[in-house]
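Just so we're clear, the structure is a prediction, and the values are computed from it rather than from any experiment. Because only heavy atoms are used, hydrogens play no part in the values below, and waters and symmetry mates are left out as well, while side chains stay in. Labels below follow one simple rule: chain letters A, B, ... track the order of the sequence lines, proteins then strands, and each chain is numbered from 1.
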Amino acid sequence: MKIRTRFAPSPTGSMHIGNLRTAFYAYALAKHDKGDFVLRIEDTDKKREVEDGVEDIKDILGIFNIKWEELYVQSERLDLYKIAAEKLVNDGYAFYCECEAKNAKKEGFSLELRDPCRDKKLTSGAIKLRTPENEWITFTDYVLQKKVSWNTSVVSDATLLKTDGFPTYHLAVVVDDNDMNISHVLRGHDWMPSTPIHLLVYKYLGFKVPEIGHLTDIMDPEGGKLSKRKGSTSVRGLLEEGYLPEAIFNFVILLGWAPKDNRELYTLEEFVEFFDPKGFQKGNPVFNREKLDWFNGEYIRNLPEKDLNLKFQMANAKFGELEKEKQIAITKLLKERIKKISDVNDIAKFFWETPVVDKELFGENYKEHLESAIEVFEEIKDWNIENIGTFSLELCERKKFHRGDFFMDLRVAITGMKFTPPINDSILILGKEETLARLSRVVKN
RNA sequence: GGCCCCAUCGUCUAACGGUUAGGACGUCGGGUUUUCAUCCCGAAAAUUUCUGGGUUCGAAUCCCAGUGGGGUCACCA
């Protein structure tokens with residue numbers, strides 16, 4: 001049978017890194033077997049829905065090259081859920097309830113599993129599941145590869161259809177996954193506790209239960225589930241910070257999944273090719289920024305200069321205003337020494353901004369170094385890298401300057417920083433005039 | 001608190017019941033280099049696989065308990 005998976009996000013805010021990972025896994029699981037991957041928008045909570053939420057989801061999937069065969073929107077399928085819910089009532093597996101909706105509990109936890117309207121035989125209101133007493137319900141988790149069981153006595157009379165006519169997740173997933181012929185359900189671990197509800201609904205509706213697997217949660221280094229509070233975990237945020245989609249993808253698929261040979265580098269296509277559900281981890285992984293940085297560096301260095309140049313242009317307007325040749329030259333210098341695209345803002349700033357030079361950074365003989373440099377540079381007729389190099393070296397030789405000290409003073413005077421791209425290449429790009437101007441400015445102050 | 005899941009270097013992880021428990025990131029040291037970075041080489045790092053029992057000739061691998069971590073208990077998903 002053909003594998004069909006789905007990614008079922010809610011348009012309730014910016015997409016989280018964990019959600020994206022679920023999409024990658026579901027996509028790879030299907031595509032590895034030439035199956036279908038479908039996108040389903042779960043917009044059944046109108047209160048929490050955000051504007052452009054759906055567009056944002058599609059946009060992000062597009063950035064990561066994830067394509068779907070079919071698209072469904074739950075709010076357009078309300079009849080289906082209503083029919084299913086009413087069927088459950090008619091068959092005695094669900095009941096109407098007119099109680100006031102419970103708010104999300106602020107503190108503590110509710111102990112009432114059974115709803116007071118259970119046996120009132122009402123004919124309108126919300127529809128809730130008539131959970132049976134003391135039955136064992138079991139399924140084999142596709143990710144965990146083990147049986148998990150519950151006694152229905154600890155399962156609540158969950159709401160299936162809300163009074164506004166919208167289904168809750170519990171009803172909608174079951175109806176949709178069945179209707180859309182989903183063969184494998186991959187979802188967050190937080191869904192595990194409500195799985196018995198779904199299992200009951202499957203059973204009462206007479207549907208075949210698909211493979212269901214619960215993925216690990218990505219943890220925060222500080223402890224607890226990764227949250228927006230602690231650092232940037234939204235996909236947008238990471239993208240804006242200067243992480244490449246390829247790096248984010250590669251990093252995130254390896255949090256919670258690993259191949260037998262521990263290979264580290266994967267493109268989307270390669271991940272699909274080598275994907276094996278046996279590689280799913282059971283323990284929660286920790287989000288490790290250093291490793292993401294490493295992946296990003298790898299992908300930045302592998303990027304064609306033309307593409308990297310474009311990324312810099314998008315990241316920094318000032319950079320984009322530079323002459324084309326200068327942009328390319330700077331790109332080459334930056335390529336090997338940045339971790340994030342946004343690093344261009346700091347490390348290359350001196351190219352379009354005269355730096356504020358802190359004299360503390362200079363060595364003892366900096367005045368002599370810089371004054372000599374001005375003299376020598378003025379003599380250079382053809383401002384090219386060979387001349388800059390030989391004239392400088394010759395100067396150090398002649399005046400017995402310590403090379404490292406001389407170049408460091410030059411570096412600080414030109415850039416205002418101690419860690420910079422190669423200084424000769426930098427002043428070549430800056431030009432003779434600007435270089436001289438910066439040097440004399442420092443010497444005069 | 002009830003229920004459910006999980007447990008190998010700091011982190012991500014590999015290891016037919018039989019390995020000196022392997023790799024990657026990070027860290028440290030060295031080489032290249034006019035800084036930083038890249039690149040190359042090397043090392044430390046798991047008090048031997050959370051603890052305690054058991055099964056077995058033999059356990060990181062199987063079983064049980066404890067401890068620890070995580071999730072969840074809404075007309076939210």
If only side-chain N and O atoms of [X] are considered, is one of them under 4.0 Å from the OP1 or OP2 phosphate oxygen of [N]?
X	N	result
K162(A)	rA77(B)	yes
K47(A)	rC76(B)	yes
K260(A)	rA15(B)	yes
S194(A)	rC73(B)	no
T159(A)	rC75(B)	yes
Q74(A)	rA77(B)	no

- Message: Can you list everything that forms a side-chain hydrogen bond (donor to acceptor under 3.5 Å, both in side chains) with Y169(A)? Sequence neighbours excluded, please.
- Response: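 Once residues adjacent in sequence are excluded, the partners of Y169(A) under the side-chain hydrogen bond (donor to acceptor under 3.5 Å, both in side chains) criterion are R187(A).
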
- What pairs with K162(A) under side-chain hydrogen bond (donor to acceptor under 3.5 Å, both in side chains), at least two apart in sequence or on another chain?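 So K162(A) forms no side-chain hydrogen bond (donor to acceptor under 3.5 Å, both in side chains) with any residue.
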
Under 3.5 Å, which donor-acceptor pairs do the side chains of residues 331-338 of chain A form with other protein atoms, sequence neighbours left out?
from	atom 1	to	atom 2	distance (Å)
T331(A)	OG1	Q327(A)	O	2.7
K335(A)	NZ	L303(A)	O	3.0
R337(A)	NE	L333(A)	O	2.7

- Task: Scan P167(A) against the nucleic acid and name what it touches under 4.0 Å (heavy atoms): base, sugar-phosphate only, or nothing.
- Result: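 Sugar-phosphate, backbone atoms only, no base.
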
- Across the strands shown, which category fits S149(A) at heavy-atom distances under 4.0 angstrom: base, sugar-phosphate, nothing?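 S149(A): backbone/sugar contact only, no base atoms under 4.0 Å.
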
- Task: Heavy atoms under 4.0 Å is the rule here; annotate nucleotides 31-37 of chain B 5' to 3' with B where the base is hit, S where only the sugar-phosphate is, and - elsewhere.
- Result: ---BBBB

- Can you name the ring-ring contact (aromatic ring centres under 6.0 Å, His included) partners of W352(A), sequence neighbours left out?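 ring-ring contact (aromatic ring centres under 6.0 Å, His included) check on W352(A) returns nothing, list empty.
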
- Task: Specify whether W150(A) and F139(A) have parallel, tilted or perpendicular ring planes, treating 30° as the upper limit for parallel and 60° as the lower limit for perpendicular.
- Result: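 If you compare the ring of W150(A) with that of F139(A), the planes turn out parallel.
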
Protein-nucleic acid N or O pairs under 3.5 Å, nucleotides 22-26 of chain B:
from	atom 1	to	atom 2	distance (Å)
rG22(B)	N2	N262(A)	ND2	2.2
rA24(B)	O4'	E264(A)	OE2	3.4
rA24(B)	O2'	E264(A)	OE2	3.4
rA24(B)	O2'	K291(A)	NZ	3.3
rA24(B)	N3	K291(A)	NZ	3.4
rC25(B)	O2'	K291(A)	N	3.4

